[in-house]
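Read through the structure below, which is laid out as structure tokens, and then see the notes.
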Amino acid sequence: MSEERRRESYMIVFFFIISISILLGAVLIWVGLQGAPSGSINSMMQFLFGIITIAVAAKMMSDLMKTREKEKEHKYEVVTVLQCKNCGVKMERPTRDGEYVGMITEEKCQKCGTSSMIIRFIYCKTPLEQAVS
Amino acid sequence: MISLMQLGGQQDWLSWILFIVFITILQFYAQKFQIWKWMNDISNALSQLKSYVNDASNTFIEEASKLGVSREEADKGLSRLKSFFIIEPVSLDPNGLIKRLEHIIDGYLDFLDREVSRIAPKADENKRANLRDQLEGIIVLDQIYRVVRHYLILGKRTQNWIYIAQIQMMLPEILRIAKAYWRAGEAFRRGLPIGDSIGPLVALNLIGNAEVKEIAPDVVGAEIDIEGRRVLVVKAKGPGGNVGKPGEAIERIIESRNGNIARIIMIDAAAKLEGEPTGEIAEGVGAAIGDPGPEKWKIEQAATKHGIPVDSIVIKMDQLEAITVMRPEIAKAAEEVVNRVKEAIVNRTRPGDYIIVAGIGNSIGVANREEAAHLIEVEAEGIAA
Ligand SMILES: [Zn+2]
């Protein structure tokens, strides 16, 4: 929990720095534009630095968003597909421990009520790229 | 007015100097900065890898400590095993190389089995096999962690950016593989079928509720009838995480029937190329089995000796999908593969022929036959006795 809180405070500091940078960039651009009619190289520089500052801030912002996105754990969903021995209807539910394919359970069929169902498949619904990223 | 312009000019001149100095400094330090950033990336990844290793180890210790020994003992046993290694046989003298390789692999599996029984003495046959697979995953994860750490420290010490750049550029792939092994640990802990279990799954669908018997170490087989042909379906013993010795099994069957086998059909998972869909089915000839060599060699030897054609049906998947919980696309390919096997038997053999169908792969989470849960355990004990 304290690890999470520390991360959270880091995030706040980063957001603060980013907003200050954006503000600074905006001021630089504004000042640069004010001096633009005089045609001095100084105002051109101010304008340029303003744009660079905002670009860097934007890049930092997107990196921060990416790490936040990555930290969200995708749920790993494993399901069992059962088939009724009597009427052949298929049913899907979350996998319980100790189950394997080919096992005949005494679960009740929701259609015909026979309590003999065979496990046909056990598979993971989370796509590979989500599971390993 | 003039003085103001002069001042402006001076300021211009000063800021230009500053700008050029800044650029020059950047030139000198750009590479240093780059290396610093790469090293930072690597040490972040390293702590991620460490957390995978720790997490996988903790779940292993927890599972093991439920089955006999204390947490401390399990921990001690595991840390001894982490640096386990295999020395490959010398290939300079190829004579009997396969036999030597098999001997070493047998020794490796024996060692793991013995250690797992020591750490978890109360585990039954299936749980022991699952723990062994879980352990193998931890050894791989730990190895990845050690290699990355090696390059990070080497790079830090030598400041050689080639070491650092190499590992940094491979980081995304390394982390992907490591996370897959971490996920695999979950599958082995819970005993769920993985992508590689597709071979045994197809075999199970063919066997149905026919009687099975053990024909080689950790390999079972059942005889079924397909349109008047006698078909022996072979798979690794489940639902524990066994691969078994399918080569040994097929060789024994061939020899026991004096080579009177019409055809061998093998079913296995195969690595897909990027862009190929998962679960795609492909047919070919030759022994489809991804073992280090000995099992494939036995099948080829025996089949060649008696002139038995070997056909293969493979199910394509990503290498990481092969070690994590089975994907629906792969599971659903099973039915289609069963149909293709039947088709192949009907088209390529005559009634009365004897055919071997082998579902190759790890049998984790796949039963030997369709049966109620308690019956399977009783039978497994009967075979062992
Ligand atoms: Zn029903």
Side-chain angles (χ1 to χ4, degrees), chain A residues 3 7 32 35 38-49 52 59 63 66-67 70-71 73-83 85 90 92 94-107 115-133, chain B residues 8-9 11-16 18-19 126 172 175-183 186-187 189-195 197 200-201 204-205 207-209 238-240 278 317-318 320-321 324-332 334-335 363-373 375-376:
Chain A
E3 173 77 9
R7 268 168 187 273
S38 72
S40 83
I41 292 195
N42 246 345
S43 23
M44 194 187 87
M45 280 293 179
Q46 279 158 352
F47 183 74
L48 254 173
F49 275 121
I52 289 169
K59 166 84 175 127
D63 281 356
K66 253 186 228 160
T67 44
K70 256 196 168 170
E71 269 160 26
E73 261 310 316
H74 293 286
K75 69 167 193 249
Y76 198 54
E77 201 188 359
V78 183
V79 298
T80 296
V81 177
L82 296 125
Q83 191 176 28
K85 291 284 270 182
K90 279 184 183 166
E92 189 185 296
T95 301
R96 296 174 197 151
D97 275 358
E99 286 183 341
Y100 50 85
V101 180
M103 176 182 174
I104 299 172
T105 69
E106 287 173 1
E107 225 161 305
S115 47
S116 175
M117 295 191 90
I118 180 161
I119 297 178
R120 282 279 172 226
F121 305 123
I122 293 175
Y123 52 68
C124 166
K125 286 187 131 184
T126 314
L128 178 76
E129 282 323 307
Q130 267 180 36
V132 299
S133 66
Chain B
Q11 236 178 20
D12 251 22
W13 183 78
L14 238 162
S15 56
W16 269 112
L18 276 174
F19 183 66
N126 292 329
L175 283 175
R176 220 170 86 97
I177 292 166
K179 187 145 189 194
Y181 271 95
W182 177 71
R183 291 274 193 214
E186 176 75 4
R189 185 183 70 77
R190 296 180 64 188
L192 303 172
I194 56 174
S197 309
L201 180 63
L204 169 71
N205 284 352
I207 291 171
N209 54 11
T278 295
M317 62 187 74
D318 191 289
L320 301 185
E321 282 170 328
T324 47
V325 180
M326 189 179 277
R327 305 266 323 119
E329 298 93 312
I330 300 169
K332 279 164 188 162
E335 276 167 33
S363 197
I364 189 160
V366 182
N368 297 331
R369 55 180 297 220
E370 295 171 2
E371 219 167 13
L375 286 175
I376 282 177

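In what follows, chains carry the letters A, B, and so on, assigned in the order in which the sequence lines appear, proteins first and then strands, with residues in each chain numbered from 1. Keep in mind it's a predicted model, so treat the numbers as computed, not measured.
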Next item on the list: Output the distance between atom OH (A:Y100) and atom CG (B:N126), rounded to the nearest 0.5 Å.
Entry: 7.5 Å
Note to self: Are there over 12 heavy-atom neighbours, none belonging to A:Y123, within less than 6.0 Å of that residue's OH?
What the structure shows: yes
Checklist line | Non-neighbouring partners of A:F49 that pass ring pair (Phe, Tyr, Trp, His ring centres under 6.0 Å), sequence neighbours left out | finding: none
Next item on the list: Enter the distance from A:I118:CD1 to B:E371:CD here, rounded to the nearest 0.5 Å.
Entry: 10.0 Å
Checklist line | A:T105: partners by side-chain contact (heavy atoms from CB on, under 4.5 Å), with sequence neighbours left out | finding: A:L82, A:M103, A:E107, A:M117, A:I119
Checklist line | Test item: B:R190 side-chain N/O and A:E99 main-chain N/O as donor-acceptor pair under 3.5 Å | finding: no
Next item on the list: Give, for atom SG of A:C124 and atom CD1 of B:I194, the distance between the pair rounded to the nearest 0.5 Å.
Entry: 13.0 Å
Margin query: Donor-acceptor pair, distance only, cut-off 3.5 Å: does the side chain of B:R369 make one with the backbone of A:G102?
Written below: no
Margin query: How about NZ on A:K59, more than 12 heavy atoms from neighbouring residues, nucleotides or ligands closer than 6.0 Å, or not?
Written below: no
Next item on the list: Pick one of side chain, backbone, both or neither for B:L201, based on which atoms fall under 4.5 Å of a heavy atom in chain A.
Entry: side chain
Checklist line | Side chain, backbone, both or neither of A:I122 within contact of chain B (heavy atoms, under 4.5 Å) | finding: both
Check: At a heavy-atom separation under 4.5 Å, does B:L320 approach chain A through its side chain, its backbone, both, or neither?
Finding: both
Next item on the list: Step by step, work out the side-chain contact (heavy atoms from CB on, under 4.5 Å) result for A:M45 and B:F19.
Entry: CA-CA 10 Å; A:M45 280 293 179; B:F19 183 66; 4.2 Å; yes
Next item on the list: Identify whether the distance between the nearest side-chain nitrogen and carboxylate oxygen of B:E370 and A:R120 falls below 4.0 Å.
Entry: yes
Next item on the list: For the pair B:E335 and A:F121, evaluate side-chain contact (heavy atoms from CB on, under 4.5 Å) and give the outcome as yes or no after the intermediate values.
Entry: CA-CA 11 Å; B:E335 276 167 33; A:F121 305 123; 3.8 Å; yes
Notebook entry, point to check: If you count heavy-atom pairs under 4.5 Å between each of B:E321, B:M326, B:R327 and chain A, which one has the most?
Noted result: B:R327
Next item on the list: Just give me the residue among B:G208, B:S197, B:P328, B:G191 that pairs up with chain A most often, heavy atom to heavy atom, under 4.5 Å.
Entry: B:P328
